[in-house]
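Quick note: numbers below take in every heavy atom, side chains included, and nothing from hydrogens, waters or symmetry partners. We're numbering straight along the sequence, starting at 1.
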Amino acid sequence: MEKIVVNGGRPLVGEVEISGFKNAALPIIYACVLVKDKCIIENVPNVLDINRSFEILRGMGASIKTIDKTTVEIDCTNVVCGSSAYDLVRRLRGSYYLLGAELGRFGEARVAYPGGCDFGVRPIDQHIKGFKALGASVVTDGGYIEISTENGKTTGTNIYFDMVTVGATINVMLASVMGEGTTIIENAAREPHIVDCANFLNSCGAKISGAGSDVIKIRGVEELHGCTYAIIPDMIEAGSYMCAAAATRGDIKVTNVIPKHLESITAKLEEVGVKVEEFDDAIRVSVNGPLRHTNVKTLPYPGFPTDMHPQMCALLTTVEGVSVINESIYDNRFRYVEELKRMGASIKVEGRRVTIEGEVPMTAAPLVAVDLRGGIAVLIAALTCSGTSEITDIHLIERGYDDIVGKLKSLGADIKKIYVPDPVEIKRAN
Ligand code: EPZ
């Protein structure tokens, strides 16, 4: 079992380079299934969810070669439909993109029901509604989702999503990109990763327009060809470092970012009193005076991202006054709150509303990373408290944060990763 050990209470200072966006890399990597050719993907983050996705695709017959630290060559020419490993697929949410990708390439799909962070019920009814609208039939059998079309191709149509959903928007793009006719998605998600995936597919010869707006038009093409494509920087990783710098009253430059993608996070930090300076592809975050409370509501892009809610909460425990976060995307993204309370934080969760009383003294403690963003929030809190905190279940943080320990160390944090045999292993060894 690996743990992160943090001696907190030091401001983060220096420069940190942001990696490629996990949530853009996932659909793009699975989109390679649509292409019977080599795709060179650059700016790929070295995180667990991506490495597991490579394992899934290799197991299906893909050739994946590492070109350098952040570049891979993916060739899915020989991928076999329906051959993904059940146990790997069910461990990550992003694997649901295999449904759309297999359906788009083979006119059928067979993939295990997806996993991912536990935020309460996370249905995929909109994905299924989309596949059905494209002329496919969908059944669930023995933990698998099985999709088929009559003539081996999806058929273009108009699809209106009942809610704004990132996953279903991308899945319908993947399923229809080589389908017959034209598909129009209405009430589409507008996140930067939707645009990135559409740009990748267009670089492969797809005809997608409107990505980034709430209406996306996909004109089916016969086939896609390989291309070289660089993934956009991870706005949530960047936002996490921005919150960590503010919470520790530090001064950091976050490089390799697209400042436009960070606008909602920047605006909230400025409201709190943090100084944020924008450059072409970097942002400097510093704290020169006292910070004050604010209210946050999570919303689909361009609103404040739900994936920044726990990190914002960790910051708000350190500022004057009472702050409120309203979580409008997930029913239960609050498991991290118990960990912050373990440190002494005064936080109340009522329904989807989190009320944070700031500047209540907090102390270092043994902590658990309960999920990806909850884990980073707990780590941010540990960085703010003097004394030693130990965080377990760090594989959940490593699902989405590239070299988290190395990057924080380079910003002056007293942090290390240690290996401790867990009690079960000790018993076995005896
Ligand atoms: C993506 O999840 C991200 N995951 C999540 O990031 C992120 O929290 C989420 O988008 C929202 O931005 C990946 O990109 C792999 P949705 P996704 O479909 O696609 C409901 C992180 O921390 N819904 O936009 O699963 C759903 O329950 C992760 O990096 C349905 O009801 O999210 C949720 O309440 C965690 N039916 C809302 O819509 C559906 O068929 C938005 O979900 C689909 C979604």
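Put simply, the side chain of Ile236 reaches to within 4.5 Å of the side chain of Pro305, judged on heavy atoms. The shortest distance between side-chain heavy atoms of Lys253 and Phe279 falls below 4.5 Å. Looking at heavy atoms from C-beta onward, Glu327 lies in side-chain contact with Ile329 at the 4.5 angstrom threshold. At a threshold of 4.5 Å between non-hydrogen side-chain atoms, the residues Glu15 and Thr255 count as touching. Between Arg10 and Thr248 the shortest side-chain heavy-atom distance does not fall below 4.5 Å. The shortest side-chain heavy-atom distance between Ser95 and Leu92 falls under the 4.5 Å cut-off. The closest side-chain heavy-atom distance from Cys39 to Tyr229 is not below 4.5 Å. With a 4.5 Å cut-off on side-chain heavy atoms, Ile185 and Val215 do not count as touching.
Geometrically, Arg110 engages Tyr144 in a cation-pi contact defined by less than 6.0 Å to the ring centre and at most 45° from the axis.
Taking the six-membered ring for Trp and the full ring otherwise, the centers of Phe334 and His309 sit less than 6.0 Å from each other.
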| task | Using the side-chain hydrogen bond (donor to acceptor under 3.5 Å, both in side chains) rule, take Ser19 and Asp234 through it: C-alpha gap first, then chi angles, then the decisive distance, then the call. | result | CA-CA 6 Å; Ser19 300; Asp234 192 329; over 6 Å; no
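Under a 3.5 Å cut-off, the side chain of Glu2 and the backbone N or O of Ile418 do not form any donor-acceptor pair. Judged by distance alone, with hydrogens and angles left aside, the side-chain atoms of Gln126 form no donor-acceptor pair with the main-chain N or O of Phe161 at under 3.5 Å. The main-chain N or O of Val16 is never found under 3.5 Å from a side-chain atom of Lys407 such that the two would form a donor-acceptor pair. Judged purely by atom type and a 3.5 angstrom limit, Asn295 uses its side chain to pair as donor or acceptor with the backbone of Val324. In terms of modelled atom types and a separation under 3.5 Å, the side chain of Ser328 and the main chain of Thr298 share a donor-acceptor contact. Side chain of Ser323 to main chain of Thr294: a donor-acceptor pair is present (N/O by atom type, distance under 3.5 Å, no hydrogens or angles). Formation of a donor-acceptor pair under 3.5 Å by the Arg292 side chain with backbone atoms of Glu271 is found in this model. Judged purely by atom type and a 3.5 angstrom limit, Asn202 uses its side chain to pair as donor or acceptor with the backbone of Ile208. Side-chain atoms of Asp402 come within 3.5 Å of backbone N or O of Asn46 as a donor-acceptor pair. Proximity of a side-chain donor or acceptor of Asp37 to a complementary backbone N or O of Gly226 within less than 3.5 Å is detected.
A pairwise comparison of heavy atoms in Pro114 and Arg93 identifies CB-O, 3.8 Å as the closest pair. Ile252 and Tyr241 make their closest contact through CD1-O, 3.5 Å (heavy atoms, listed as atom of the first residue, atom of the second, distance). Looking at every heavy atom in both residues, Phe200 comes nearest to Cys32 through CZ-SG, 3.9 Å. Of all the heavy atoms in Asp196 and Ile232, the pair that sits closest is OD2-N, 3.1 Å. Scanning all heavy atoms of the two residues, the minimum distance from Pro233 to Asn43 falls at N-ND2, 4.2 Å. Of all non-hydrogen atoms in Leu12 and Ala244, the two that sit nearest each other are CD1-CB, 3.7 Å.
Under the ring-ring contact (aromatic ring centres under 6.0 Å, His included) criterion, Tyr160 pairs with no residue at all, not counting sequence neighbours. Every residue meeting the side-chain hydrogen bond (donor to acceptor under 3.5 Å, both in side chains) condition with Thr71, not counting sequence neighbours, appears here in chain and number order: Asp68.
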Considering only distance and modelled atom types, tabulate donor-acceptor pairs under 3.5 Å from the side chains of residues 167-178, sequence neighbours left out.
residue : atom : partner : partner atom : Å
Thr169  : OG1  : Thr165  : O            : 2.6
Thr169  : OG1  : Ala189  : N            : 3.2
Asn171  : OD1  : Gly100  : N            : 3.0
Asn171  : ND2  : Tyr96   : O            : 3.0
Asn171  : ND2  : His127  : ND1          : 3.0
Ser176  : OG   : Val172  : O            : 2.7

